[in-house]
Amino acid sequence: MDKIKMTIPLVEMDGDEMTRILWQMIKDELLIPFIDLKTEYYDLGLEERNRTNDQVTIDSANATKKYGVAVKCATITPNAARMTEYDLKEMWKSPNGTIRAMLDGTVFRAPIVVKGIEPNVKSWEKPITIARHAYGDVYKASEMKIPGAGKAELVYTAEDGTETRELIHNFTGAGVIQGQHNLDESIESFAHSCFKYALDTKQDLWFATKDTISKKYDHTFKDIFQEIFDKDYKEAFDAAGIEYFYTLIDDAVARVMKSKGGFIWACKNYDGDVMSDMISSAFGSLAMMTSVLVSPQGYYEYEAAHGTVQRHYYKHLKGEETSTNSVATIFAWTGALRKRGELDNNPQLSDFADKLEAACLKTIESGKMTKDLALITSIQNPTVLNSEGFIKAIREELEASLA
């Protein structure tokens, strides 16, 4: 068959460790044989980020603004151990944090539901979508180790030189401090994205922070959401028969566990990071979740929500067999290809993305899966495939559907 043509490239952001290995397998087996794949390539592997002083990350985000759609592999956010392992110049910040800050918008994450993988929470009947704010908080924080006794303050200096001070702590010994920030403009974009997505998908929207403790920071989020909802969306929500409400984050967790699902749960940046892992794990696997950053300016960045699968990578380096689930990474590619097809009026490309996703699900439902799914499936006597074998099995299903 003739390869499907692309007119405008995707921004391709390569990554680290085992997901980098899967990335190339997916391209070789599931994309390049069927698509005249056009990408503008950026290597966000930790070595290249270190070599370029993280400029490659900034370049990839700017390219996403240019082309509109990006697909990203999982990347390492270095800690002290990684500093030594990779001989880094400095402890580079999370590339996801950098890209999200530059693109703004909201990250929407939802579990990939497949027959034979039942949620651990028995009451859940429908997917729960996490809407994660994509700017600021701990991902843009400044940190300082305090060596000994002294006073730490927050200081704001206005343009006219006027200072406002707030005591953080009077230290009597060593400690640590962290300064976080957010922007009203970004919170407003977050709110608009959530309300619009709720209306598009006809789902209730929950929003949760801890404003009883954080009476200025978190309360600002709560107030902005409520003001925008009352002004711009309340009538549309009423007409659609859906609901928006605010609750404390601890109350939201309790409610989520007793719910049937089928709603959007909006969270601040770090809360969304943690809760999306909880949701995906409880629905089946961290490797079974879609993730897309949607910017108010119309930029889309698709990625897998999980990490780089370090333990499997070390096994791979030793020549040992791995059984690593590639579904979320495949769905990052399909999400980007589908959106590229929609924006470029290329229905063949979008149709291919649909068929590739269906091939993934059909492969699992036929009993062929990776070890993580085999451990939790209700399908009798599943066939456990290695990393490459699973991708090749998906290719067989894909070729059958295309034929």
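What you see is a predicted model, and the numbers here were worked out from it, not measured in a lab. Sequential numbering from 1 along the given sequence is applied to the chain's residues.
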Please check if the side chain of [X] supplies one atom and the backbone of [Y] the other of a donor-acceptor pair under 3.5 Å.
X      : Y      : value
Ser189 : Glu185 : yes
Asn386 : Ser323 : no
Arg49  : Ile76  : yes
Lys3   : Ile32  : yes
Thr377 : Leu373 : no
Ser276 : Asp273 : yes
Ser401 : Leu398 : yes

Qualifying residue for side chain to side chain contact (heavy atoms under 4.5 Å, CB included) with Thr334, from Leu31, Val71, Leu356, Asp354: Leu356
Out of Thr19, Thr308, Leu22, Leu44, which one pairs with Cys73 under the side chain to side chain contact (heavy atoms under 4.5 Å, CB included) rule? Thr19
Going by distance alone, is a donor N or O of one side chain under 3.5 Å from an acceptor N or O of the other, for Thr247 and Asp251? yes
In terms of side-chain heavy atoms, does His312 have a donor or acceptor partner in Thr324 at a distance below 3.5 Å? yes
ring-ring contact (aromatic ring centres under 6.0 Å, His included) partners of His192, counting only residues at least two apart: Tyr233
Among Phe221, Tyr270, Tyr139, whose ring-ring contact (aromatic ring centres under 6.0 Å, His included) with His133 holds? Phe221
Testing Phe190, Phe245, Trp206 for ring-ring contact (aromatic ring centres under 6.0 Å, His included) with Phe225, which one passes? Phe190
Check this for me: Lys140, atom NZ, are more than 12 non-hydrogen atoms of other residues, nucleotides or ligands nearer than 6.0 Å? no
Counting only heavy atoms not in Met144, do more than 12 sit closer than 6.0 Å to its CE atom? no
Apply side chain to side chain donor-acceptor pair (under 3.5 Å) to residues Arg109 and Ser291 and explain how you reach the verdict. CA-CA 4 Å; Arg109 289 179 172 173; Ser291 181; 3.0 Å; yes
Using the ring of each side chain (for Trp, its six-membered ring), is Trp333 parallel, tilted or perpendicular to Trp23, with breaks at 30° and 60°? tilted
Does the pair Glu118 and Trp124 meet the rule for a side chain to side chain donor-acceptor pair (under 3.5 Å), with working shown? CA-CA 9 Å; Glu118 281 72 39; Trp124 288 354; over 6 Å; no
